[in-house]
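Notes follow the structure.
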Amino acid sequence: MYKYHCLNPISEVGLAQLDENYVVTGNADEADAILVRSAKMHDMEFSRNLKAIARAGAGVNNIPLERCADEGIVVFNTPGANANGVKELVIAGMLLAARDIIGGINWVQEYEEDGDIAKITEKKKKAFAGTELQGKKLGVIGLGAIGVRVANVAVHLGMDVYGYDPYVSVDAAWNLSRSIHHAKTVDELYKECDYITIHVPALDDTKGMIDKNAISLMKDGVVILNLARDVLVNQEDIVDALVSGKVRSYVTDFPTKEIVGVKNAIVIPHLGASTEESEDNCAKMAAAELRDFLENGNITHSVNYPDCNMGVKGDGERITILHKNIPNMLGQFTTLLAGENMNIALMTNKSKKEYAYTMIDVDSEVSADLEEQLTSVDGVLKVRVIR
Ligand SMILES: NC(=O)c1ccc[n+]([C@@H]2O[C@H](COP(=O)([O-])OP(=O)(O)OC[C@H]3O[C@@H](n4cnc5c(N)ncnc54)[C@H](O)[C@@H]3O)[C@@H](O)[C@H]2O)c1
Ligand SMILES: O=C(O)[C@H](O)COP(=O)(O)O
């Protein structure tokens, strides 16, 4: 029986995949796994029993990834599972910036004077007129799950699309419409585009990437969209640019104390992934990742350990070892197993940066003593025997 704890509400459709072998607990300290959306986990202490964290979503900047890796906790996310939801909100954001739809609707809503509203509308509407997206240049920074979808749909809206991503994956490149211009530098994209949308993770080298220097390279009256993370855009600099009119509109999914209430800031309360479909997709993928890890030891879509798969566990026992990626680990493991006269039926080892993972199927029972000896090897972070 495995116990899981939810730090945020997680779609029931996903949780339903955790069958009778799983039970929810309100106490994170006794959980084998945690499911989370955007709850901040940096200040949390983790119990030795915790084996995995599944982020039902894309961004993992709310989770202390390295500390988890050091404590032998595998962190998963759900790549692409909410990308369509975000794509659709980006298109909505561009339309809201292109025309004063919000101002117009508010005017109608707040209209209190007596008189013929239909007639007055026809006089008043020019105050809310705007422009069209067709024919405008859109720059997409980050061509991952969301960026590719946004770029492709913008082509269908008749926009001239520029994409920038120095680390673009082969899959993403295959999925990208051939009519998208490849911006070789981000500065080229800044100079060309009428609309700029960011779809990169919050990392040390992306935080604050849209600052006064970047904005100074952009066209006057540019529209910037940020449905990725608040920290990617320097908040003081974007407020200054909105006040001066250099930036015509800033559409963001992240309210901050600096941006709320600023004229021409369209601030959405983090709704990108808040659709039934995205919530279900993320929860289903997260639950499937957790089950495969807890029951078979397989790792898929981890952000702090290598992906590694040895298929469904058979009748025998499976030893899984999370460890540092340093020399002679496998030699030490196999020597310990040989010392117990154990036969290895199947073995695999994968590494990712400083961390590695070894899975070993054995033909006989793993003793508590062997488990203890494996745990004591210098560089081993967690040993688990799946029986
Ligand atoms: N508003 C929301 O509700 C919502 C929902 C999902 C994701 N997000 C945010 O959007 C981000 C992107 O999501 P995704 O699913 O597309 O992720 P993804 O991992 O599929 O794509 C990210 C892309 O950014 C690229 N990249 C990294 N550093 C870059 C840089 N310096 N310059 C240009 N490109 C760079 C990567 O190569 C990758 O292709 C997430 O990390 C998350 O922060 C927000
Ligand atoms: O990174 C993500 O997936 C999004 O920001 C969605 O976050 P949420 O699951 O809290 O809506």
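One-based numbering, in listed order, for ligands and for the atoms of each.
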Residue and atom name of the nearest protein heavy atom (relative to atom 10 (O) of ligand 2), distance in Å to one decimal: Ser38 OG, 2.5 Å

Beyond-backbone contact of Asn349 with Met359, side-chain heavy atoms, under 4.5 angstrom: no

From the options Asn226, Ile196, Thr206, Asp165, select the one residue that forms a side chain to side chain contact (heavy atoms under 4.5 Å, CB included) with Ile141. Ile196

Would a search of protein heavy atoms around atom 16 (O) of ligand 1 find one under 4.0 Å away? yes

Any N/O of Asn82 closer than 3.5 Å to an N/O of ligand 1? no

Please state whether the rings of Phe333 and His323 are parallel, tilted or perpendicular, taking 30° and 60° as the class boundaries. perpendicular

Measure the shortest side-chain to side-chain distance between Val74 and Lys51 over non-hydrogen atoms and say whether it is less than 4.5 angstrom. no

re atom 11 (O) of ligand 2, the protein heavy-atom contact at minimum distance is Arg37 NH2, 2.8 Å

Do any non-hydrogen protein atoms sit less than 4.0 Å from atom 19 (O) of ligand 1? no

Ala172 near ligand 1, heavy-atom distance under 4.0 Å? no

Considering heavy atoms of the protein only, find what lies nearest to atom 25 (C) of ligand 1 and give residue, atom and distance to 0.1 Å. Asp165 OD2, 3.2 Å

With a 6.0 Å cut-off on ring centres, are His181 and Tyr162 close enough? yes

The option among His270, Glu279, Arg229 carrying the non-hydrogen atom nearest to atom 6 (C) of ligand 2 is His270

At a non-hydrogen distance cut-off of under 4.0 Å, which region of His270 contacts ligand 1 (side chain, backbone, both, or neither)? side chain

Here the gap from Asn82 atom CG to Arg37 atom CZ, rounded to the nearest 0.5 Å, amounts to 8.5 Å

Can you confirm whether the side chains of Ser177 and Asn152 place a donor and an acceptor under 3.5 Å from each other? no

Establish, for the pair Arg291 and Tyr2, whether the NZ or CZ atom is under 6.0 angstrom from the six-membered ring centre and no further than 45 degrees off its axis. no

Is the contact between Asn82 and ligand 2 made by the side chain, the backbone, both, or neither, using heavy atoms and a 4.0 Å cut-off? side chain

Which of the atoms of ligand 1 are close to Pro201, meaning less than 4.0 Å from one of its heavy atoms? 22 (C), 24 (O), 27 (C), 41 (O)

Quick one: does ligand 1 sit under 4.0 Å from the side chain of Ala58, the backbone, both or neither, non-hydrogen atoms only? side chain

Ligand 1 versus Val86, non-hydrogen atoms closer than 4.0 Å: side chain, backbone, both, neither? side chain

I'd like to check Leu374 versus Val380 (side-chain heavy atoms, cut-off strictly below 4.5 Å). Are they in contact? no

Do Leu227 and Thr252 touch side chain to side chain, with heavy atoms closer than 4.5 Å? no

Give the single entry among Val60, Asn62, Ile146, Val231 that approaches atom 13 (O) of ligand 1 most closely by any heavy atom. Ile146

Should you measure from each heavy atom of Ala273, which atoms of ligand 2 turn up under 4.0 Å away? 6 (C), 11 (O)

Among all protein non-hydrogen atoms, which one is nearest to atom 30 (C) of ligand 1, and what is the separation to 0.1 Å? Tyr167 CE1, 4.0 Å

Checking heavy atoms under 4.0 Å, the part of Arg229 that sits near ligand 1 is side chain

Indicate yes or no: does an N/O atom of Asp205 lie under 3.5 Å from an N/O atom of ligand 1? no

Could you check which of Gly59, Ala145, Ala202, Ala283 puts a non-hydrogen atom nearest to atom 1 (O) of ligand 2? Gly59

Backbone N or O of Lys184 within a donor-acceptor pair of the Glu188 side chain at under 3.5 Å? yes

re atom 44 (C) of ligand 1, the protein heavy-atom contact at minimum distance is Leu227 O, 3.1 Å

Leu143 contact mode with ligand 1 (heavy-atom cut-off under 4.0 Å): backbone

Does a side-chain heavy-atom distance below 4.5 Å link Asn325 with Lys353? no

For ligand 1, find out whether one of its N or O atoms is nearer than 3.5 Å to an N or O atom of Phe254. no

Side-chain heavy-atom pair Met285, Asn77 within 4.5 angstrom cut-off: no

Heavy-atom nearest neighbour of atom 3 (O) of ligand 2 within options Pro201, Ala58, Ala81, Ser278: Ala58

Within a distance under 4.0 Å of any heavy atom of Gly57, pick out the atoms of ligand 2 and give their elements. 3 (O)

re atom 7 (O) of ligand 2, the protein heavy-atom contact at minimum distance is Arg55 NH2, 3.1 Å

Report yes if some N/O of Ala273 lies less than 3.5 Å from some N/O of ligand 1; otherwise report no. yes

Cys193 versus Lys219: any side-chain heavy-atom pair under 4.5 Å? no

